[in-house]
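Okay, so here's the structure we're looking at.
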There are 2 protein chains.
Amino acid sequence: MTVSGTAGRRAHAGVNLPALRSHNAALVLDLLRGAGAEGISRLELAERTGLTPQAVSKITARLRERGLVAEAGRQASTGGKPRTVLRLVPDAGHAVGVHVDRDEARAVVVDLDGAVVGERRRPLDLGAGADAVVEAVAREAEELVGEVLGGCPPGSAESLAGVGVALPGPLDHRSGVLHRVTGFPEWDGFPLRDALTRRLGVPVVVDKDTNAAALGLAVAGEGGSFAYLHLGTGLGAGLVIGGSVHRGVRTGAGEFGHQVIQLDGPVCGCGNRGCVEALCLAAVERGEPAEAARVLGAAAANLVGLLDIELVLLGGRTVAAAPEVFVSGVSAVVAARARREGMPDGAVPVRVAPGGERGVAEGAAQLVLAPMFGRGDG
Amino acid sequence: MTVSGTAGRRAHAGVNLPALRSHNAALVLDLLRGAGAEGISRLELAERTGLTPQAVSKITARLRERGLVAEAGRQASTGGKPRTVLRLVPDAGHAVGVHVDRDEARAVVVDLDGAVVGERRRPLDLGAGADAVVEAVAREAEELVGEVLGGCPPGSAESLAGVGVALPGPLDHRSGVLHRVTGFPEWDGFPLRDALTRRLGVPVVVDKDTNAAALGLAVAGEGGSFAYLHLGTGLGAGLVIGGSVHRGVRTGAGEFGHQVIQLDGPVCGCGNRGCVEALCLAAVERGEPAEAARVLGAAAANLVGLLDIELVLLGGRTVAAAPEVFVSGVSAVVAARARREGMPDGAVPVRVAPGGERGVAEGAAQLVLAPMFGRGDG
DNA sequence: CTACTTTCGCAACGCTGTTGCCGAAGTGCA
DNA sequence: TGCACTTCGGCAACAGCGTTGCGAAAGTAG
């Protein structure tokens, strides 16, 4: 049973009736989302939540009144009245997700189901300065919303819940302030979220690209606790624990690339020696993807052992260039480690993350929707 | 706001009124425990929980009826009626904690406050076989309870809530079944919890020694999210996230010692190469504690970056032998890494874990009490 | 057409935290 | 000493939560 919650937020942890109500509503919405177009019956919702059927009826009635849920046919009878299938109303809400990368911005609009209903891309120079980038991102979002939603007023059935922005480099998720984006020190300390909120007039959430991707995967149905490892121009991780992104006390968690796995190894750009990122990318440069996979596997196995997660997902351009090599290479190291440490249930599976290049933008949109479905923080 | 909950337990996450009630009660009890002998007023409880003063009054009234809480004086007035101070009734419950090590067993009885009210030690050979060890542990617990509580019947104010057992090596916390305790392969698959429950007739909880120690530290007031690193005959970690022990999906989290930090390094007992444990202990053997600390620091920094915790606590015999060397050595590496990665708030503090040799046994006792205070699983 | 099964909403209920109110118990000043 | 004031904390009424009891609705099976 979860009413969100982590970290030093043990204060203000009291649950009153409104909190209970919104928690259960979010839980039901999350299950409805998970059921997708097939929908789910009231009785199954009751089973899955542990609530009584009557409670589910009341909760879903409220959700139907708010226009978030609708009846959608019925199941086959099992000897009595057939169960009515409920389904999320996809158009009841939308969110924009923007993936700001070093050289381009990709924006999507998703509906409540998570389906992409609009997309745009444009080149973008992260080094062009804060004002220019904020303006570019804002315009991108505005134009896309104009195209897709036709400027529906807030509160309408088709309205916009907010904008999620995912970008590389460390940042403070809670305050929405960037630290130094790797390679672009001029961003250090820039309050991106507030700047965009002022400019756009809707709620804005910012997060690391890896966290957005991980959230997107979690929403798309990946297991309860997993790590998403992204190998592109850099190496980072997004951690999902119990269905929610783990961001840590200062929202800096997932610093995976600068994990040292070779004491006194080659110097990394960060100043340390023997970081996975440096070793792994060097191997890729040398044209030795198998070695890169082995190195990545060692770091992944460290992570698996430390957190006892149930799945490792790989993504990023470098992985996409040779998926089988990376999956089998990483998988082999992880499996070998599990065998040696005597994990009884066998090793943790390693797969390529589904979703492809658009995954980060989709996940960014989910940053906005997450609280509605009870996935706000872990 | 937390009603426990992580991992794949998103099912059965519905919260009804009894669940809400027990959650809030546990929350209040936890705050009362944190206040210790000084106690805490109703209004401060209200502020800290976010509940209204009236709700706190009702909750504490129920707790007083159950004999868990009592009024204990009043605070100085601030111009009006002085606040009444509430306090946990220490004798309202007790728990036994047993620390089973390779060569000895140490048992303690703690009260609701966590204060040790009885202690025993005896030599123990973990290799003597399951029956002998179970019998020895059971008798140790029984005799200690007889001494301290005088055989109070269950349900009495002084009665025993259960027995927590902490021991080295991997095990399944949920089922209470041991995996292969390092060096004692004959334990593999032994259902220790069930055997002890049958023998003792009270609830039994088993966990890794590092998890028990970490829980004990969390209860003793250490921050919301930290790592306890134990360097003794082996090297392990207990992770606390948001006040609760993070055990992971298969309760195997905290596998810190076999984190690889030296690819293709020296062979470790586990079969891998370049594990921190092997490198660190080898340095200790060579009489180079500073190098051991540097190695440990690298691994600790990996962990800090990955999870973004707020504190690192060091413990174990090897650390106790040269505490300053380890604290300064680990601290230096962690701080250097934080500086390079541009964490703005400065580095994570590194300290020696308070509690000393008895900490694991005390933490084991807290395993039993944890659910009562809302710390059951993270 | 009848009997049976199963779903699901209405109504009454118990219990939660909340609100409004008032007595209790202090301080501070005349 | 007395009075005004502040603050705490319990009593009572209340709104809202999920739960229970029950019956109408909507199917299947014979």
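Order of the sequence lines sets the chain letters (A, B, ...), proteins ahead of strands, with each chain counted from 1.
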Contacts to DNA chain C from residues 65-74 of chain A, heavy-atom cutoff under 4.0 Å, which residues? none
Under a 4.0 Å threshold between the charged nitrogen and the carboxylate oxygen, would R250(A) count as salt-bridged to E310(B)? no
Closest heavy-atom contact between R193(A) and V204(A)? CD-O, 2.9 Å
Looking at dA26(D), dG26(C), dG18(D), which one has an atom nearest to any side-chain atom of P82(B)? dG26(C)
Could you work out, with side-chain contact (heavy atoms from CB on, under 4.5 Å) as the rule, every residue matching T78(B), not counting sequence neighbours? none
Considering just the side-chain nitrogens and oxygens of T52(B), establish if one lies under 4.0 Å of OP1 or OP2 belonging to dT18(C). yes
Examine dC8(C): is either OP1 or OP2 under 4.0 Å from a nitrogen or oxygen in the side chain of S57(A)? Give yes or no. no
Can you tell me how far apart CZ (R42(A)) and OG1 (T60(A)) are? Round to the nearest 0.5 Å. 4.5 Å
Does dG18(D) have its OP1 or OP2 closer than 4.0 Å to a side-chain nitrogen or oxygen of R62(A)? yes
Any donor-acceptor pair, under 3.5 Å, between the side chain of Q54(A) and the base of dG9(C), if you only look at N and O atoms? yes
The reported gap from CZ in R247(B) to CG in N211(B) (rounded to nearest 0.5 angstrom) is 5.5 Å
On DNA chain D, more 5' by nearest nucleotide between K81(A) and L51(A) is L51(A)
Here the pair of heavy atoms bringing A227(A) nearest to L239(A) is CB-CD2, 3.9 Å
Closest-nucleotide mapping onto DNA chain C: is T78(A) or T60(A) further toward the 5' terminus? I mean the 5' end. T78(A)
Of the nucleotides dG10(D), dC15(C), dA13(D), which one has an atom closest to the side chain of L17(B)? dC15(C)
Taking only the side-chain nitrogens and oxygens of R83(A), find out if one of them lies under 4.0 Å from OP1 or OP2 of dA26(D). no
Can a side chain N or O of T84(B) be found less than 4.0 Å away from OP1 or OP2 on dG9(D)? yes
